[in-house]
Each structure stands twice: as structure tokens, then as C-alpha cells.
Amino acid sequence: MMLQEIREQWKDLIEEQLLAWSKELSDDETTISPLTIQVPPKPELGDIAFPLFAYAKQFRMAPVKIAQNLKERIEQLENRPSGELILAGPYLNIRLDFTSLINDLKDKVFEDGDIYGNSNVYDGKKVMIEFSCPNTNKPLHLGHMRNDSLGESVSAILKANGADVQKVNLINNRGVHICKSMLAYKKFGNGETPQSSGIKGDHLVGNYYVKFAQWEKEDPTAVDQAKEMLVKWEEGDKETIDLWNKMNGWTLDGLSQSYEKTGVHFDKYYYESETYKLGKDKVLKGLEDGVFYQEEDGSVWIDLDEIGLDKKVLLRSDGTSLYMTQDIGTAISRHDDWPFESLVYVVASEQQYHFKVLFYILDKLGYSWAKDLHHLSYGMVNLPNGKMKSREGTVVDADDLFDNLADLAKQEIQSKEREGLVDGLEKTANAIALGALNYYLLQVDPTKDMTFDPVKSISFNGNTGPYLQYMGARISSMLRKFDEVKAEYEGIEFDASLLTSQEERELVKMIANFPEVVKKAGLNYNPAIICSNLYDISKMFSKWYHDNKILMAEDKKLVVARINLSKMVLQVIKNSFKLVGISYLETM
RNA sequence: GCGUUCGUAGCUCAGCUGGAUAGAGCGUCGGACUUCGAAUCCGCAGGUCGAAGGUUCGAAUCCUUCCGAGCGCACCA
């Protein structure tokens, strides 16, 4: 019997008793409000709490009395769920029968293994998720990293909840901003290449984007020249297209190296250069159908009065498309490619308006799937002094940040003289850096803006990724040692009744509750829920481990009991790691 | 101006579908390694939960107003 079932059984029983009692008091009272389930704040108050305030009015009785009466009534029943009733003032609480809970839990956790905690709340639902979406004129920065972490993590969480997930990226490789770096390269590049300069492709292109910004200040015709270049590009001018192909290739090479390093992968790439015209036909069709209207100058609009907004232009007077037009087309073609039931856009909160309008338009155009589109809107990553500004050179470069973290991790390993014990210095340092970064970015509620202090934030102590990895490594190390002497424990049965300390009970509850946590994270598209649970269980384990001997326990039966509990904890930690982009290290 | 998100310890953040004494980490100060990994653990100090009203038996949580901040409201993407 799992914890969730026990909770539900008690809830049903108490509600049943409340209802029966209510009927005894008055024939009219045939309903009661649903019982709320809570967790008591202190261990001596039990493990499950049912507050009874809500019934005071109906029974014309103080909640404390209600609790007493209920307890008496229930104790007279022969068939009760497992556990013991506790009176706690206006609360009726349950103390769980841990022995049977632990036994059932252990079987479940070991049987399920890597899929322990998974649910079927999205039961095969096809969910497409779009994230990252970089421009091809500069390298990735900290903001992209939050986007990528969220995209990967939410994908993993949705999968763990039974969804069939398709991860897609949309490369913004077209437009005036792309032409700016091309133009600067043409003027100042002197044939420099990533090979000749030794500069990573995306950074090289980014340098010319910066160079354009400088040049733009001196030459007022610069922007016009860039616009001319875009016209040439759209006309298919060979020289322009060749240059575009070359520089895009450099950037994409660089980006894929960054993705590889940070564990970001996509099932499918879309390119703006291939999708930007797609929406036009759909908009013209919508115009025919009367969903949109046309101004005298030929531009096409939608009236958003119905959702309390103004009007929005969808086609320019010259007939060319806009950002919105393109996104309409992209969404439709994606659904043609892979008929999703839901599409999640991981895009910064500054685009809220855009998505509100986009979803409304797709709905108006009659696409049934438009009802299940989500904008996973995440907040900005700010620096202690405010926003990152490329003009002021305060943008935190993704590659630099990652390399700095990896260097620090390397130094840490070396200073602990663990270089020889670790499974590859470079590999381990990278895994630590990535875990630190992902955990840092994911532990904050996605919707909130967050502050990143490059100096202070890069810590490996306290509530950080490396702390969690360390707990995993410690348990793993202990289990290896146990395996070496396994023979001595042959035939010793696991005895759940030996796990009685407060920490042990808390650990068991957290293990048992893990599936609920995964479910909640999935329903809310929120990795932070996994993060905080992961930290809680690690911290509790750490305290328990510190205060108790496990492998060195005085009694062999105790060793077996505690080792098994440690295994369960490790399984939950490992499964959580996969959901938030932290690698499990056996040594670090 | 309109829309939207937010305001919790010195700093960074949990807690928010109303419930028992508002929690962590960092930082400060002080403890714990002849014992399973000290990237650890324990303790001290630190709060009018932006302000004021309201709903309620009960509000950090819900509602209203105000104050303060971010983001958006392009025939840019």
C-alpha cells in the first residue's frame, strides 16, 4: 500500500463518518464539504493531518470536540486503514504504520528503479515543446541558458508524466540583424575564418555584430546598407546567399558545440529562412473567411477587441509578412509535421502579448489544437546592477560562464587531491559545472525574474548542484563498500521495523511522496518543485548519515536496513537528477 | 495611460489551490574530522511577509486601494 492510497483511504473514511454523523443529527444534512489533507508541522503530531475547522458551523460544535467524537467513532470500526489516530486539538491526525509502508515502498522503488516516480497524467499525449531559438548573429548568453535548462527539464518532466514529447528549435537565421554581422564581415573581415583565427564560429560572427554597432555610430548609412543587403538576400543574390551560408554555418557549428557541452538536444530543427513565408497564405485565407479585415492601403489586420486588446497588423501594405504572420505559419506546419495535441513555447515573459495574440488567432482560424497551446513564460536573468546590456558589455557569455565553472570544479577536485579517484578530471569537472548551472537556473520559479551574481553565485557549497551530486557520490561510495563485503550479510533479512528514528521516518515519507512531486512539477511545468524536493531529501539524508552509522552500524540487521534505505534515497536522487539536468557521479 | 508579472531575513530564494511557532542557502560569529567521503553536519544572531483596508473561526497566501519595481502595448524580431 502506497502513501497516496493510505491518505485517500483515511480521507474517505473520515468523510464517510462525518456524513453519517451529520445524518444522525439532522435528516436535512446530507452533504459535507470535502476534507482537506495536510502535513503536520511537527513529527510528534503524526504524519497526516485533517483540519476540522470547516465543520464547526454545520455541527455547531468546536473543532476540538468534533475531532474527539470522530476519533471515538472511528475507533469503534473494525475495518480501518493502517495507522493510528492522534488527537491534535482541532486536527485529527494519523500516525502511519511505517513497517508495512516501508516494506511496500521498498518493493515498489526497487522494482520500478529508474522509472520510480513516473506518472501517467499525460498518458501518451503528444506534446511539442519549442525552446532555445537563437539568432545566428551572436553566441549564446546567460538568458539562453535559462531557456535551454527550462526546455530540457520541462521536456524530461513531461516525459516522466507519460507524455510523448518532441523537442524543437527554431533558428532565427534571417533578417536585418543577421545582415548586420554579414555586412561588417564583408567590410572588415579580410577573409578571417574560425580556422584562421582559432575563434569559435558563433563568437567570430558575434564579433562582427559588435563591429557593426561601432561602425553604425560613425556611418549613418550603415543601417540602410544592411537593409539593402536583406533585399538582396530575399532576391536570392548569389554572393549574399553564399556569405550568409558561410557565416550561418560558422554560428551553427559553434552553437551545436555549446549545446553538446550543456546537454541540450532537439528532435527537430526549424529555420526561419524556410518558414518565414508560411503564414501569408493562411492569413489571406483568413481574410477570405472574414476572420481578418483589410485596410485601404492593403494591409491585413485582426481586431482583438474580444480579448480586450487593440488591433494587430498581420500583413504589411506591401504584402510582406511579419513576426506574427510567420509564427502562425510555423505553428500550422509543425502540426502538419507532427500532429501534436499540445504545443509549449518556452519563451521569455516579454513575449506574453505576442503569444496571447497568436493563440487567439489560431483559435479564430479554426484549429482545434489551438486550445492547448502554452506559453511557458520565464523571467529575465538580471545582474546585480540590473539588466544585461550588450552595448555596455555586461552580457554573460554562455561558453565563458561554463568554462569558468568547469575550471573552478577542476581546482576543487585537485585541491582535495581527488584527481586520481575521479572518473576523468575533465569529464567530472564538466559534469559538476553543468549540474551547478542547471540547478542554479532551475531552482527559481520559472515565472520570476532572477538575479545572477557572477562572483557570488558560483559556489559549490550549500544549496547547489554539487552539494546534491556529493550526496549521490557519498551514497554510491558507501554502497560500493557494502558490495565488497556483501557475503557477510548473506541470509540477513531486511527488517523495516528497525527504521524508527525521526530522520528515517522523514526519509521514508519523502521517498513515498516523490511521485506526487513529479506529478505536481508536470502539471505546473515547474522544475523548481523537483529542485526543492531534491534538496530537502538530500539534506535530510546528510543529517541522518552524519548522526548514524550505516555500514558501520553495530548490528548486521541494522546495516541491512539502513543500506536499503540509502538505496531508496539514492534512487530518488538519481531519478530527480534526470529531471533537472544534473549528472549522477559515482565519484567526484 | 492601458495590460501583465512581482515585492518574504543584509544578499539569493522557498512557502502562495487560506490552517498549527513563516523556512532554506549565502554571509557574520561559534562548535564538530584516530569512525561509512568535512563539496559535510550542528548551534547563535537576523522578519511590522511593501503599506492600509476587507473577506474568514483563521491571511505571507484570497479581494480592493495605494506605494515601489520589471516586462509589454511597432506595417522590428
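A, B, ... follow the sequence lines: proteins, then strands. Residue 1 opens every chain.
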Select one nucleotide: of [options], the one nearest the side-chain heavy atoms of [X].
{"X": "Lys416(A)", "options": "A39(B), A77(B), G37(B)", "value": "A39(B)"}
{"X": "Val313(A)", "options": "C13(B), C75(B), G25(B)", "value": "C75(B)"}
{"X": "Leu322(A)", "options": "A14(B), A77(B), C41(B)", "value": "A77(B)"}
{"X": "His177(A)", "options": "A39(B), A77(B), G70(B)", "value": "A77(B)"}
{"X": "Thr451(A)", "options": "C41(B), A38(B), U12(B)", "value": "U12(B)"}
{"X": "Tyr467(A)", "options": "A39(B), U40(B), G7(B)", "value": "U40(B)"}
{"X": "Tyr323(A)", "options": "A39(B), G25(B), A77(B)", "value": "A77(B)"}
{"X": "Met588(A)", "options": "C16(B), G25(B), G37(B)", "value": "G37(B)"}
{"X": "Tyr545(A)", "options": "A77(B), C36(B), A39(B)", "value": "C36(B)"}
{"X": "Pro466(A)", "options": "G72(B), C75(B), A39(B)", "value": "A39(B)"}

Ring centroid separation for Tyr467(A) and Tyr535(A), is it under 6.0 angstrom? yes

Quick check: Phe460(A) with Tyr470(A) (ring centres under 6.0 Å apart)? no

Return yes if a side-chain donor-acceptor contact under 3.5 Å exists between Ser321(A) and Arg316(A), otherwise no. no

Quick one: do the Glu504(A) and Trp544(A) side chains pair a donor with an acceptor below 3.5 Å? yes

[X] [atom1] - [N] [atom2] separation (whole Å):
{"X": "His546(A)", "N": "G31(B)", "atom1": "NE2", "atom2": "P", "value": "16 Å"}
{"X": "Lys549(A)", "N": "U35(B)", "atom1": "NZ", "atom2": "P", "value": "11 Å"}
{"X": "Tyr439(A)", "N": "A39(B)", "atom1": "OH", "atom2": "C1'", "value": "14 Å"}
{"X": "Leu230(A)", "N": "C75(B)", "atom1": "CG", "atom2": "P", "value": "18 Å"}
{"X": "Met540(A)", "N": "C41(B)", "atom1": "CE", "atom2": "C1'", "value": "13 Å"}
{"X": "Arg146(A)", "N": "C71(B)", "atom1": "CZ", "atom2": "C1'", "value": "13 Å"}
{"X": "Asn461(A)", "N": "C41(B)", "atom1": "CG", "atom2": "C1'", "value": "13 Å"}
{"X": "Ile550(A)", "N": "U40(B)", "atom1": "CD1", "atom2": "C1'", "value": "13 Å"}

Can you find a side chain N or O atom of [X] that sits less than 4.0 Å from OP1 or OP2 on [N]?
{"X": "Arg562(A)", "N": "C36(B)", "result": "no"}
{"X": "Thr447(A)", "N": "U5(B)", "result": "no"}
{"X": "Tyr535(A)", "N": "G15(B)", "result": "no"}

Whether Tyr545(A) side chain and Met540(A) backbone form a donor-acceptor pair below 3.5 Å: no

State whether the side chain of Glu216(A) and the backbone N or O of Val223(A) hold a donor-acceptor pair below 3.5 Å, judged by distance alone. no

Should the heavy atoms of other residues, nucleotides or ligands under 6.0 Å from NZ of Lys556(A) be counted, would the total exceed 12? yes

Salt-bridge test for Asp483(A) and Arg480(A): reply yes if a basic N is under 4.0 Å from a carboxylate O, no otherwise. no

Is the closest basic N to carboxylate O distance between Lys509(A) and Asp47(A) below 4.0 Å? yes

Positions of residues 37-44 of chain A (non-hydrogen atom under 4.0 Å from RNA chain B), listed by number: Gln38(A), Pro40(A), Pro41(A), Lys42(A)

Closest-nucleotide mapping onto RNA chain B: is Gly308(A) or Gln326(A) further toward the 5' terminus? I mean the 5' end. Gly308(A)

hbond_proxy Ser317(A) side chain to C75(B) base (donor-acceptor, 3.5 Å cutoff): yes

Glu412(A) near the nucleic acid: base, sugar-phosphate alone, or nothing, with a heavy-atom cut-off under 4.0 Å? base

With heavy atoms under 4.0 Å as the rule, sort Asn93(A) into base, sugar-phosphate or nothing. base

Starting at the 5' end of RNA chain B, what dot-bracket string do you get if Watson-Crick and G-U pairs under 3.5 Å are bracketed, crossing pairs use [ ], other-strand pairs use | and unpaired bases use dots? (((((((..((((.....[...))))..((((.......))))......(((((..]....))))))))))))....

